[in-house]
Amino acid sequence: MNKSNFISLDKKIEELKSLTAKLDIYKVANSLFHELITFGQTGNRVKLNSPARQSLYLLGVMSSQSICNTEDCTDEKMNKIYSLLNDIYSKYLNVYFPDKKDLEQGIDNSWFKTRHASMPAFLGYFFESKKIATDELRKDLLKTYEQFEDIIFDHFGLSHKDMIEITDRIGSILQNRIDYIYKILDEVNTKRLELANPDISDYSENVKAIQDSCGPLILELMRLSEEICIFKFDEIDDIAPAKLNLFKQHFVMKKGSANDIKYITDENSLETNPIITVDENNYAICSINFILLAIQNKIDQYFKESKFSERFRKARDMKLEQDAKEALSELLPENSIVLESVFENNKSSNEHDLVIISKRSILIIEAKATPRREPLREPSRAFTRIKDDFKKKSGIQSGCDQALNLKTLIEKNEITILYDKKGNVLHTISKQDFDDIYCICVTKDDFGLLATDLTILLDKPADEKYPWVINIDDLRFLISCLKYIGKDLLYFIEYLSQRVNLMGKIISADELDIAGAFLKYNGFKSINKDSPQLFLDISESTVFDEIHLAKLDGKAYTLKTTKPAFFEIDRQKIFSKTNKKSKDKKKREQKKARRRNRK
């Protein structure tokens, strides 16, 4: 980012801080709660471009400011705040586009390559929050820390179960309030219909009757809506006060005591202390996921720095392998063979995490649990770190290489013998019994476009098909939804087949968008290797949200396939205005030159 862009960014941040300095943080949090719940429940675009991340940033900024609630938090001011947040976040994209110096020096393939990798990595890390349903995240945390409960309790004074139990209680308080709001809305609507009268001569009387009957309900509705994210710990009456006090010490941030942040890359206190208070009586939380992710952040950071770090790392890796096995097993027919910890020889070398054999297909799965590192802002330096992480032994490249090595071994030999760790024969594979072999790398973290578009960084033989990379949260969600609507392993295999053949053609940072499009449009038959790149909208994954909600409600879900509304972008339309400006500028310069020549 050049100097002028930094100055512009700083001005926007200072304007944001000036605007929020005198606002009530509870009211701001309440507005953010409505944004997040609208985005989460509908999947539709809201006023913020990155609702979860921008909410944390805004509240992080406000939590470091002193308490000074002297101005009303109007809709106009909130809209201005949302606009500033979008401007601030968009400023960070300028570093990935050429500036005057870049254009003067000339742009080569190296310039494009560094930004092709570093831009999605930066966006994925700082613009996107963890995409996982609250109930799934909760279950995952309980399982992850199960064998470390005593260690967690000794350090925090609370076990992870205690932390999640209190979080559940907070969630229930907020959900009960939301349910009550819906109940009031139903009551208002019922009363309105009861008092409705088609006789226009009674109009004034009817209006007054509706006002008298519904007025108190509407006032109560407005009050509840204005404090929908506010709760008191006193409302939690079935948990010991000592536990609640410890929970507050670990996860509450009092306004004015947070560390000052300026840039979105600064350390934000709210990522570990997401519950905000002003008076230590009322507390605000914008999303229950914020608390669950804070629990994860605190516990993971403790283990990373403790004497238990290696034990925790091994348990994390093993859990990922088991999670991948459990997820994929949901679609497997009864006669499928599932092999864990498989070796290519009897000397315990060339290990593979999981091999699944079903009908005439083989799935080779490698699990990589290493977390992604924070990307650097400067594209060239960021690219070096991203590439190193991608290529290292615990990275995606290594996982794909491992799977491809076994695939090659099976394809080159009529008979391939697989062994267990002790050198015993585990299984024998005959090449003629199989038509397809698919290589899958399952990651713990979401690597965004670097995983969904392997053409960016993955090295592979030119004649070899691409592997498939997916994070464990998306894999579980995808398989669970497919199973609920009656899709089987053959459907999943067909998805893999079309998906890897079109790697680099279908562009999205979210694998669920790609899978959602495949589901809704009955495959990608209209796309081939000669087609232009297809950029998917974030709404393509909403089909899985609909299936998940139907599953939670115990309702059947009917999938409706449609024809894709894909169209090719007309570059002339996009750049016509720019070209016109350029031509107009050229004409003005020519006119000036003619005037000078006449003098």
Side-chain angles (χ1 to χ4, degrees), residues 17 20-37 55-74 77-78 81 134 156-158 162-181 184 216 219-261 268-295 298:
K17 288 188 171 185
T20 59
K22 296 180 181 180
L23 297 182
D24 185 336
I25 196 169
Y26 289 145
K27 292 182 178 177
V28 173
N30 202 65
S31 179
L32 292 171
F33 185 93
H34 284 282
E35 283 285 294
L36 288 167
I37 202 167
S55 295
L56 278 174
Y57 171 69
L58 173 61
L59 294 175
V61 167
M62 292 188 71
S63 293
S64 67
Q65 296 173 321
S66 58
I67 301 170
C68 182
N69 305 336
T70 58
E71 294 183 3
D72 291 334
C73 186
T74 62
K77 284 178 183 173
M78 285 309 305
I81 288 170
T134 300
F156 292 97
L158 295 168
D162 294 328
M163 299 174 190
I164 292 171
E165 183 183 13
I166 295 171
T167 304
D168 289 344
R169 295 293 188 279
I170 295 170
S172 294
I173 292 167
L174 301 186
Q175 186 60 54
N176 289 340
R177 189 168 297 143
I178 294 170
D179 292 342
Y180 187 44
I181 286 173
I184 292 175
L219 288 174
E220 178 69 358
L221 179 67
M222 291 173 63
R223 183 188 69 79
L224 290 172
S225 296
E226 289 175 359
E227 53 186 47
I228 197 167
C229 72
I230 312 298
F231 71 96
K232 300 176 188 290
F233 277 98
D234 292 345
E235 296 176 81
I236 306 173
D237 56 9
D238 55 346
I239 294 177
K243 281 188 178 182
L244 292 176
N245 286 333
L246 280 170
F247 184 86
K248 285 191 277 188
Q249 289 174 28
H250 290 304
F251 298 105
V252 169
M253 178 61 62
K254 187 172 183 181
K255 180 169 167 59
S257 62
N259 60 295
D260 184 35
I261 63 170
N268 189 343
S269 299
L270 262 69
E271 292 195 4
T272 52
N273 299 71
I275 303 172
I276 301 165
T277 187
V278 174
D279 53 13
E280 297 185 67
N281 180 38
N282 296 299
Y283 297 82
I285 182 66
C286 287
S287 168
I288 293 301
N289 270 20
F290 288 176
I291 308 179
L292 294 174
L293 290 172
I295 291 170
K298 286 218 171 192

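Any value given below was found using the heavy atoms of this structure, including those in side chains, with hydrogens, waters and symmetry copies removed.
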Please indicate whether [X] has more than 12 foreign heavy atoms, meaning atoms of other residues, nucleotides or ligands, lying under 6.0 Å from its [atom1].
X    : atom1 : result
K77  : NZ    : yes
N282 : CG    : yes
K243 : NZ    : no

Can you see which heavy atom on [X] is nearest to which on [Y], and at what distance?
X    : Y    : answer
I230 : A284 : CD1-CB, 3.7 Å
N268 : G60  : OD1-CA, 3.5 Å
M62  : L23  : CE-O, 3.9 Å
L174 : F33  : CD1-CE1, 4.2 Å
S287 : L36  : CB-CD1, 4.3 Å
E280 : K254 : OE2-NZ, 3.2 Å

State the [atom1]-[atom2] distance between [X] and [Y], to the nearest 0.5 angstrom.
X    : Y    : atom1 : atom2 : value
I184 : L224 : CD1   : CG    : 5.0 Å
S172 : I236 : OG    : CD1   : 9.0 Å
I181 : I228 : CD1   : CD1   : 4.0 Å
F231 : I173 : CZ    : CD1   : 6.5 Å
I288 : I164 : CD1   : CD1   : 12.0 Å
M163 : L292 : CE    : CG    : 12.0 Å

Using a strict cut-off of less than 4.0 Å between a Lys/Arg side-chain nitrogen and an Asp/Glu carboxylate oxygen, indicate whether [X] and [Y] qualify as a salt bridge.
X    : Y    : value
R169 : D237 : no
E227 : R177 : no
K27  : E226 : no

So, the side chain of [X] versus the backbone of [Y]: is there a donor-acceptor pair under 3.5 Å, distance only?
X    : Y    : answer
D72  : T74  : no
S31  : V28  : no
H34  : S225 : yes
T272 : K298 : no
N30  : Y26  : no

Inset, instruction - Answer yes if the side chains of E35 and S55 hold a donor-acceptor pair under 3.5 Å, and no otherwise. - result: no

Legend entry - Between D179 and Q175, a side-chain donor and acceptor under 3.5 Å: yes

Do the side chains of [Y] and [X] get nearer than 4.5 Å, heavy atoms only?
X    : Y    : result
I261 : Y57  : yes
I275 : M253 : no
N273 : F290 : no

Inset, instruction - Any chance you could lay out the side-chain contact (heavy atoms from CB on, under 4.5 Å) test for I37 and I178, step after step, and finish with the verdict? - result: CA-CA 11 Å; I37 202 167; I178 294 170; 3.6 Å; yes

Inset, instruction - Can you label the angle between the F247 ring and the F251 ring as parallel, tilted or perpendicular, going by 30° and 60°? - result: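 F247 and F251: tilted rings.
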
Inset, instruction - Measure from NZ or CZ of K232 to the centre of the six-membered ring of Y283, then state whether that distance is under 6.0 Å and the direction lies within 45° of the axis. - result: no

Inset, instruction - I would like to know whether F233 and V252 meet side-chain contact (heavy atoms from CB on, under 4.5 Å); could you show each step before the answer? - result: CA-CA 11 Å; F233 277 98; V252 169; 4.2 Å; yes

Legend entry - Verdict with reasoning, D24 to K255, per salt bridge (charged side-chain N to carboxylate O under 4.0 Å, His left out): CA-CA 10 Å; D24 185 336; K255 180 169 167 59; over 6 Å; no

Inset, instruction - Applying side chain to side chain contact (heavy atoms under 4.5 Å, CB included) between C286 and each of I276, L270, L59, report the one that passes. - result: L59

